[in-house]
Amino acid sequence: MADVDGLKVAKDYHVDKPFAKQGGFYVKGMADVDWGMKTRLSSIFNPESGRTVMLAFDHGYFMGSTAGLERLDLVIPPVLDHIDVLMATRGALRTCISPSTGKAVALRVSCGSSILKDDLSHEVIGVSIEDAVRMNAACMAVQTFVGADGEKESLDNLCKTVDAGIKYGIPTMGVVAVGKQMERTGRFFKLATRILPELGAHIVKTYYCEDFEEITAACPVPIVVAGGKKLPENEALTMCYRAISEGAAGIDMGRNIFQSLDPAAMAGAVGMIVHKNATDKEAYEYFLDMKKNN
Ligand code: 5RP
């Protein structure tokens with residue numbers, strides 16, 4: 001293992017140079033994965049735009065009913081036309097969501113802490129690979145807690161999920177959690193978003209931050225950006241625009257969609273940025289027009 005003292009600060013990210021090993025498959029870093037893995041990835045990342053809009057409503061696995069998600073059976077269906085992927089727990093999907101949505105599923109498979117605990121970083125793998133196959137998961141989502149007390153367990157959960165997923169052609173998405181004690185700095189996110197793909201994650205979910213284009217350049221797999229806490233719609237769309245402009249392969253938004261004044265309009269506006277290369281201002285205009293007409 002390299003001695004930590006001798007490590008020099010990385011600085012040359014070649015952000016102007018496209019990823020070199022595309023190898024005929026449009027999803028970054030996935031040239032050599034199996035056919036089945038590629039079909040699942042192509043159900044997540046639109047083959048035209050190469051990007052994705054994920055609707056995250058897996059918050060209940062540790063938060064219980066969240067504002068805006070009190071009734072999944074009511075709030076999710078109106079948004080479906082505007083998103084590509086459902087990020088959810090197996091329980092939410094089986095009880096509240098029709099199996100005929102035609103949307104890809106990013107199945108939340110890690111669990112183990114609730115908001116009653118001070119430290120959320122101790123999780124386990126809570127869904128068997130057999131049930132992920134049964135749910136026809138397009139990928140499996142595992143929370144990772146780099147720098148937190150549960151770091152090792154969470155990275156072990158990730159590796160075990162990657163190993164199980166490879167056997168069945170199911171990609172794994174490593175989710176970067178920001179523990180209370182972790183600052184949302186570029187330095188932290190550069191560390192976390194590189195560890196996860198090095199351990200085998202096929203997709204990384206993280207947050208937008210400064211120097212983001214260096215983060216996307218240094219991460220050899222697609223990065224999707226979480227929305228984070230609720231912002232005014234125009235500010236959330238600006239964050240989306242910056243993330244996509246700086247190399248994100250998609251947006252995985254929860255609260256900023258389902259707590260929006262008009263979730264369907266907001267999801268559509270995010271899709272304008274992700275799939276139509278709209279600017280944040282154009283997307284916000286789209287949001288206002290859709291909201292007015294809804
Ligand atoms: C919750 C999650 C969510 O999927 C992720 O944070 C995206 O949701 P939001 O946009 O509300 O942050 O990982 O643990």
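Both counts, for ligands and for their atoms, begin at 1 and track the order of listing.
Ion pairing between K160 and D156 holds under the 4.0 Å rule for side-chain N and carboxylate O. A salt bridge does not link R51 to E48: none of the charged nitrogens lies less than 4.0 Å from a carboxylate oxygen. Classification of R71 and D73 as a salt-bridged pair holds, one side-chain N sitting under 4.0 Å from a carboxylate O. Ion pairing between a basic and an acidic side chain is recognised when a charged N comes within 4.0 Å of a carboxylate O; R242 and E246 show no such pairing.
Atom numbering of ligand 1 starts at 1 in the shown order; those under 4.0 Å from a heavy atom of G227 are 10 (O). Residue Y207 has at least one heavy-atom neighbour below 4.0 Å for each of these atoms of ligand 1: 6 (O). Residue-ligand proximity, M253 to ligand 1, at heavy-atom distances under 4.0 Å covers atoms 10 (O). Applying the 4.0 Å criterion to heavy atoms of D252 picks out, from ligand 1, the atoms 7 (C), 10 (O).
Residues forming a side-chain hydrogen bond (donor to acceptor under 3.5 Å, both in side chains) with K229 (at least two apart in sequence, or on another chain): none.
Closest protein heavy atom to atom 13 (O) of ligand 1: R108 NH2, 3.1 Å. R255 NH2, 2.7 Å is the protein heavy atom nearest to atom 12 (O) of ligand 1. Of the protein's heavy atoms, G254 N, 2.8 Å lies nearest to atom 10 (O) of ligand 1. Summary of contacts: the protein heavy atom closest to atom 14 (O) of ligand 1 is F62 CE2, 3.3 Å.
Listed by first then second residue, pairs satisfying ring-ring contact (aromatic ring centres under 6.0 Å, His included) with a partner in residues 233-272 read H59-F258, not counting sequence neighbours.
Residue A56 has no N or O atom closer than 3.5 Å to an N or O atom of ligand 1. An N or O contact shorter than 3.5 Å is missing between K229 and ligand 1 by distance. Distances between N or O atoms of G228 and those of ligand 1 include at least one value under 3.5 Å. On a distance-only criterion, H59 and ligand 1 share at least one N/O pair closer than 3.5 Å. At under 3.5 Å, not a single nitrogen or oxygen of M87, backbone or side chain, sits near a nitrogen or oxygen of ligand 1.
Side-chain atoms of N157 and E123, non-hydrogen and from C-beta on, do get closer than 4.5 Å to each other. No side-chain heavy atom of T193 sits under 4.5 Å from any side-chain heavy atom of F212.
Each of V176, T144, T216, V224 was scored for a side-chain contact (heavy atoms from CB on, under 4.5 Å) with T206, with one residue passing: V176.
By the criterion of a heavy-atom distance under 4.0 Å, neither the backbone nor the side chain of F258 is placed next to ligand 1. For K205, every heavy-atom contact with ligand 1 shorter than 4.0 Å involves the side chain, none the backbone.
Atom-to-atom distance recorded for T185:OG1 and E210:CD is 6.5 Å, nearest 0.5 angstrom.
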